[in-house]
Amino acid sequence: MHTVTVLLDRDFAIGTTDRRLFGAFVEHLGRCVYGGIFEPGHPAADERGFRRDVLELVRELGPTIVRYPGGNFASGYDWEDGVGPVGDRPRRLDLAWLSTEPNAFGTNEFVDWCRAAPVEPMLAVNLGTRGPDAARGLVEYCNHPGGSALSDLRRRHGWEWPHGIKLWCLGNEMDAPWQMGAKTAAEYGRVATEAAKMMKWIDPTVELVACGSSARNMPTFGRWEDVVLEHCFDHVELISLHTYLNNYAGDTAAFLASPDLMDRFIEEVVAIADAVAARRRSAKRIMLSFDEWNVWYRTRRNPEDRTVPGWPVAPAILEEVYTMQDALAFGGAGIALLNHADRVKVACLAQLVNVIAPIMTETGGPAWRQTIFHPFAQISRLGRGRVLRARIDCPTYQASYYDPRGADEQRFPLPAVPYLKLAAVHDDRAGSLTLFALNRSLDEELRLEVTARGFPGVAVDQALQMHDRDLDAANTKEAPERIRPWPLEDVTVAGDRLRTTLAPASWNTIRLTPAP
Ligand code: AHR
């Protein structure tokens, strides 16, 4: 057994979580839209074709914002195809996922779905095959009240009131060779700047996200952010980061250590953004949008898992089945985001349904929760407020994380990984203090002792644990509740001290509230 001490102080906060930190992502990819959130004819579908069973799970999951329509799909999407009478909409070849896009679901349907969820919509414009002109057209269509060609078109299509979409991505992963219309940093920086200017001339209230690198291990990472922000610093509010954690190497200790590389990635992007600000003597701070994060590897490298021949509509691709250990790594990633609440203002779990998702469905059948559903739902529900600085005294281990780039062997040494990864969030309205604690030791319990200065009289309101001897256990249609949180026994609180024992390889959520 390892012993770990944690010191918190009510007055020492990293920052306050933005409500958009708890977002998700819906892409026209596989069965995320068709057979996921939208399935006319399903017994649970409403009159608009929205699956009510999925909506219920989305409400339980608790995302606050949902990014749409991609992803790689966005870089070839003509938004005009997805509006107007459904019968008149064209079928198109989608080159991102080699599928046929029927366009039965488009921007207006998505906004209606968001209102039903309810979540805030976040749209990505196409800066791959299209550019600033299409971007300004979409902003006019969505956000202008009326009296212009495109806003009146929206009204004729049946949406009288503007959608009021505030948050927009200037393209998707534009550094990536797999992206339609990929660009150099300088090319993208120029295009993003011109799109941003026009979008803001139409609606000065929009907030814009510039594309950062599509992964930390891209060869252009670092220089890309620097050059892009040199161009568009004055025109954007945020820059994006994407990370998919993996256990290709079958090294679970390294897999559970890998969220620490997200901490580093965030700190590196902050440093670059602030260096650009410093060169301009600017007090402006570019914030971070971690708008794709998750575990993804089983259905990632194998071409058969990514595409199905014959240009099918909504093929069952990227349907990763998540295990107990995936939920642990995923929870660690959530902790990394919380612990950077001062700069990461937006984050999107990629994705929401079926495609690398917390919610799975069977077309025509039921919907269920994957293992990663639970840490997300807990973080979204209980992780809002002031994230406190934690001084953690904990033994460490060494790991070497394998994160391949194409055919390259890429290893990232992690010389001192604390067994405990923790975030502490104080909701000052409710007076509660919630601890999210990941024990990364695969065989040792952690005896945890927390001193929470400034919280003299608290009691345990909720204590839950996810743990299973079988780290490869998963939830399936037949056993949808195989992995879920269970009560964590033996949490004691005396004064401002909390003591408990965390099982090996466990995810724990403990909520303290003022004692009655
Ligand atoms: O989320 C799956 C894909 O991963 C997205 O389309 C793309 O942006 C990223 O490479």
Side-chain angles (χ1 to χ4, degrees), residues 23-34 36-37 63 65-77 94-99 101 110 122-129 168-183 188 192 209-221 224 238-246 248 262 265 289-303 305-308 314-320 322 326 330 333 346-360 370 372 376 403-406:
F25 176 30
V26 164
E27 177 167 0
H28 283 252
L29 194 184
R31 295 191 311 122
C32 186
V33 172
Y34 306 109
I37 63 173
I65 186 162
V66 175
R67 181 172 178 250
Y68 172 88
N72 298 339
F73 174 82
S75 296
Y77 185 50
D94 163 33
L95 306 188
W97 305 104
L98 306 187
S99 315
E101 171 54 51
F110 175 67
M122 169 186 191
L123 291 191
V125 298
N126 173 356
L127 296 188
T129 60
W168 297 76
C169 304
L170 295 167
N172 175 68
E173 296 191 346
M174 298 307 304
D175 61 325
W178 58 83
Q179 205 67 214
M180 287 176 263
K183 295 181 172 38
Y188 171 70
V209 185
C211 288
S213 297
S214 48
R216 182 174 180 260
N217 67 1
M218 296 298 282
T220 47
F221 168 58
W224 173 273
L238 302 110
I239 186 157
S240 71
L241 299 83
H242 291 177
T243 290
Y244 292 101
L245 303 176
N246 80 78
Y248 287 121
M262 279 176 66
F265 189 17
S289 173
F290 217 122
D291 46 40
E292 289 187 32
W293 69 276
N294 200 348
V295 169
W296 176 26
Y297 60 104
R298 297 180 189 84
T299 60
R300 189 160 190 195
R301 294 181 85 188
N302 202 346
D305 293 321
R306 295 176 61 99
T307 54
V308 172
I317 52 175
L318 276 60
E319 299 205 352
E320 194 97 352
Y322 289 107
D326 295 336
F330 179 91
V346 177
C348 303
L349 153 59
Q351 298 194 5
L352 187 62
V353 187
N354 291 328
V355 171
I356 47 172
I359 299 169
M360 285 299 285
Q370 294 234 57
I372 61 169
F376 187 94
D403 193 12
R405 187 173 68 213

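Each ligand, and each atom within it, is numbered from 1 in the order the structure gives. All values derive from a computational prediction rather than experimental measurement.
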Peer 1: Would you say that Tyr34 contacts Asn354 through its side chain, given a criterion of any heavy-atom pair below 4.5 Å between the two side chains?
Peer 2: no
Peer 1: Using a strict cut-off of less than 4.0 Å between a Lys/Arg side-chain nitrogen and an Asp/Glu carboxylate oxygen, indicate whether Arg300 and Glu320 qualify as a salt bridge.
Peer 2: no
Peer 1: Determine the minimum heavy-atom distance between Gly212 and Ser240, stating which atoms define it.
Peer 2: N-OG, 2.9 Å
Peer 1: So which bit of Phe73 gets within less than 4.0 Å of ligand 1, heavy atoms only: side chain, backbone, both or neither?
Peer 2: neither
Peer 1: Is Asn294 in contact with ligand 1, taking contact as a heavy-atom separation below 4.0 Å?
Peer 2: no
Peer 1: Going by the angle between their ring planes, with limits at 30° and 60°, are Phe265 and Phe290 parallel, tilted or perpendicular?
Peer 2: perpendicular
Peer 1: Please work out, at 4.0 Å between heavy atoms, whether the side chain, the backbone, both, or neither of Asn172 comes within that distance of ligand 1.
Peer 2: side chain
Peer 1: Please state whether the rings of Tyr188 and Trp224 are parallel, tilted or perpendicular, taking 30° and 60° as the class boundaries.
Peer 2: parallel
Peer 1: Out of Val355, Val66, Val353, which residue meets the side-chain contact (heavy atoms from CB on, under 4.5 Å) rule with Val26?
Peer 2: Val66
Peer 1: Which of the numbered atoms in ligand 1 are below 4.0 angstrom from a heavy atom of Glu173?
Peer 2: 7 (C), 8 (O), 9 (C), 10 (O)
Peer 1: Which protein non-hydrogen atom lies closest to atom 2 (C) of ligand 1, naming both residue and atom, and how far is it?
Peer 2: Gln351 NE2, 3.5 Å
Peer 1: Can you list the ligand 1 atoms lying under 4.0 Å from a non-hydrogen atom of Gly71?
Peer 2: 5 (C), 6 (O), 8 (O)
Peer 1: Could you tell me whether a side-chain N or O of Asp326 sits under 3.5 Å from a main-chain N or O of Val295, the two making a donor and an acceptor?
Peer 2: no
Peer 1: Do me a favour and list the nearest non-hydrogen protein atom to atom 1 (O) of ligand 1 with residue, atom name and distance?
Peer 2: Tyr244 OH, 2.8 Å
Peer 1: Quick check on the 6.0 Å ring-centre criterion: do Phe330 and Trp293 meet it?
Peer 2: yes
Peer 1: Show the atoms of ligand 1 that are less than 4.0 angstrom away from any heavy atom in Trp296.
Peer 2: 2 (C), 4 (O)
Peer 1: Give me the nearest non-hydrogen protein atom to atom 4 (O) of ligand 1 as residue plus atom name, then the distance to 0.1 Å.
Peer 2: Glu292 OE1, 3.2 Å
Peer 1: Atom 7 (C) of ligand 1: which protein heavy atom is closest, and how many Å away?
Peer 2: Asn72 OD1, 3.2 Å
Peer 1: Yes or no: does Trp293 have any heavy atom under 4.0 Å from an atom of ligand 1?
Peer 2: no
Peer 1: Using a 4.0 Å cutoff against the non-hydrogen atoms of Glu27, which atoms of ligand 1 qualify?
Peer 2: 5 (C), 6 (O)
